[in-house]
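Proteins come first, then strands; the chains are lettered A, B, ... in the order of their sequence lines, and each starts at number 1. Side chains are part of it too, since the values below use all heavy atoms of this structure and drop only hydrogens, waters and symmetry mates.
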Protein chains: 2
Amino acid sequence: MLPESFVATNFDVAQLRTGCATCSLRELCLPVGLNDQEIEVLAEVTAHKRKVQRGGYLYRAGTKFQSLYAVKSGFLKTCILEEDGRQQVTGFHMTGELLGLDAISTELHTCDAIALEDSEVCEIPFAKLERISSIIPSLMHHFHKIMSREIVRDHDVMLLLGGMKAEERLANFLLNMSRRLAIRGYSETNFNLRMTREEIGSYLGLKLETVSRAFSKLQEEAVISVKNKHIQIHDLQRLKEKMGNSSCTT
Amino acid sequence: MLPESFVATNFDVAQLRTGCATCSLRELCLPVGLNDQEIEVLAEVTAHKRKVQRGGYLYRAGTKFQSLYAVKSGFLKTCILEEDGRQQVTGFHMTGELLGLDAISTELHTCDAIALEDSEVCEIPFAKLERISSIIPSLMHHFHKIMSREIVRDHDVMLLLGGMKAEERLANFLLNMSRRLAIRGYSETNFNLRMTREEIGSYLGLKLETVSRAFSKLQEEAVISVKNKHIQIHDLQRLKEKMGNSSCTT
DNA sequence: CGAATGTTTGATGTTAGTCAAAATATGTGG
DNA sequence: CCACATATTTTGACTAACATCAAACATTCG
């Protein structure tokens with residue numbers, strides 16, 4: 001059976017030619033809220049597509065920043081390699097999401113972006129995007145919203161890392177995946193994870209063994225089924241309850 | 001004396017006239033990289049000043065977003081109040097820093113902003129800022145850099161919360177304070193903290209007792225002196241060494 | 001001054017990390 | 001397609017780090 005994402009991974013030639021206007025991600029990605037004419041202008045900027053094989057780098061920390069990338073298909077992680085050799089995952093990225101926002105400030109990428117499955121991205125030269133933003137206020141505004149949303153997301157992760165227990169972190173993570181998949185038209189209760197336990201742990205501030213144990217615990221409680229990377233959520237409600245009650249035990 | 005609220009709704013005529021152009025924060029704040037003429041335009045947007053007493057709210061979570069705020073003087077924290085009543089500090093903010101970026105995405109403030117000492121801010125109506133950004137590309141670009149820098153900062157905190165031990169977190173925190181104070185012309189080795197142990201702990205994902213113990217440990221080792229909220233750093237180098245070596249022990 | 005708030009320190013408990021080994025899955029070349 | 005090598009996952013036993021509880025002490029502010 002084909003993995004879930006293959007459905008989204010295929011693009012057709014017509015789409016390549018017409019750009020954003022006919023892209024299935026139009027409602028998720030940068031063009032949100034633009035009218036047809038504005039999208040035409042935007043499409044000129046995003047003409048360049050790039051494929052990244054599973055395990056390949058979209059960009060590397062320390063390299064010069066020139067473009068943002070919108071995920072067209074596939075799945076990527078961003079991570080920071082620390083001096084001591086360990087890497088910390090700072091995010092997982094699905095279709096329609098924008099990568100590279102962190103690099104605007106220094107004009108150097110601050111992290112590595114690595115494909116966790118064969119992926120395709122639209123390259124968006126940032127200088128061009130800014131130029132067009134001056135002309136299309138709604139594009140500028142939407143871009144600001146996207147950056148802001150990234151900040152909110154990071155705050156949510158900070159909350160998670162700062163105060164939650166292992167099981168709560170994992171519940172959060174699973175529900176986050178579930179919601180994002182649902183938005184993209186996939187099942188919210190039945191999906192394949194693209195990352196290893198170690199990568200999940202790195203993202204959640206846990207060791208891989210702890211992640212594994214938390215999975216096992218949720219499975220014992222019949223909230224989810226775990227079969228290696230395949231997750232089935234049996235009781236969405238109960239999973240949600242596990243999410244928020246960090247110190248409600250007192 | 002006039003009530004605070006009266007002062008806050010009125011603007012200082014002299015200040016209005018000179019605006020950003022003569023503000024001592026010109027090199028730290030939004031006007032970075034603008035020429036005199038551009039600053040004139042920007043100043044029209046930032047005319048409105050507001051004072052916030054110690055303990056007072058600049059804005060509250062859930063209220064409508066209309067303006068960003070640049071800290072003109074004082075010191076604030078931003079924090080999220082969770083359902084269970086506990087609050088998590090998401091940031092501490094010094095002069096020249098911009099608050100409210102997280103609210104752009106939903107047009108609602110996602111956190112409370114509370115003054116930790118009597119503070120003054122410049123109100124920057126966001127719609128006006130965007131309008132002017134269209135006209136002044138360098139302003140738009142600088143604003144993007146500021147948002148991006150916020151994302152990088154959050155990633156740094158995620159790294160800290162995800163992988164570091166208590167003492168490392170505190171060393172990071174102190175050096176961060178030190179650096180930011182130094183940029184503003186204050187001593188980098190000798191300063192007063194404005195927040196409680198509990199607030200530090202909340203920000204660092206630690207309990208206040210753990211923060212206190214970490215302070216004591218650093219003091220025993222003669223790296224710093226702690227006298228209540230006053231910090232003196234004796235050995236900046238050694239403090240820096242404590243910062244980065246999370247799992248180098250192996 | 002006295003009450004309230006904040007800080008330090010000690011004793012004990014809990015959680016997640018570490019180390020280790022077995023089990024399972026994935027990928028490769030024949 | 002199989003067999004092997006490699007990578008990933010699970011589970012158990014033990015340990016380290018931090019949280020919790022508690023009490024004493026210090027500071028702040030009306």
Specify the separation, in whole Å, of atom CD of A/Glu199 and atom C1' of D/dT9.
14 Å
Relative to the ring of A/Phe173, is the ring of A/Phe92 parallel (under 30°), tilted (30 to 60°) or perpendicular (over 60°)?
perpendicular
Are OP1 or OP2 of D/dT9 and a side-chain N or O of A/Lys229 less than 4.0 angstrom apart?
yes
Phosphate OP1/OP2 of D/dT9: any A/Lys227 side-chain N/O under 4.0 Å:
no
Please state whether the phosphate of C/dT9, meaning OP1 or OP2, lies under 4.0 angstrom from any side-chain nitrogen or oxygen of B/Ser216.
yes
For C/dT8, does either OP1 or OP2 sit under 4.0 Å from a side-chain N or O belonging to B/Asn228?
no
Greater than 12 external heavy atoms within 6.0 Å of A/Gln219's CD
yes
Given C/dG17, is OP1 or OP2 found less than 4.0 Å from the side-chain N or O atoms of A/Thr210?
yes
Check whether the side chain of A/Arg197 and the base of C/dT24 form a donor-acceptor pair under 3.5 Å.
no
Hey, does the side-chain of B/Arg54 have a donor or acceptor N/O within less than 3.5 Å of a partner on the base of D/dT28?
no
Distance below 4.0 Å between A/Lys165 side-chain N/O and C/dA16 OP1 or OP2
no
Contact under 4.0 Å: B/Ser212 side-chain N or O vs C/dT7 OP1/OP2
no
Go through the N and O atoms of the side chain of A/Arg213 and the base of D/dG12, and report whether any donor-acceptor pair is under 3.5 Å.
yes
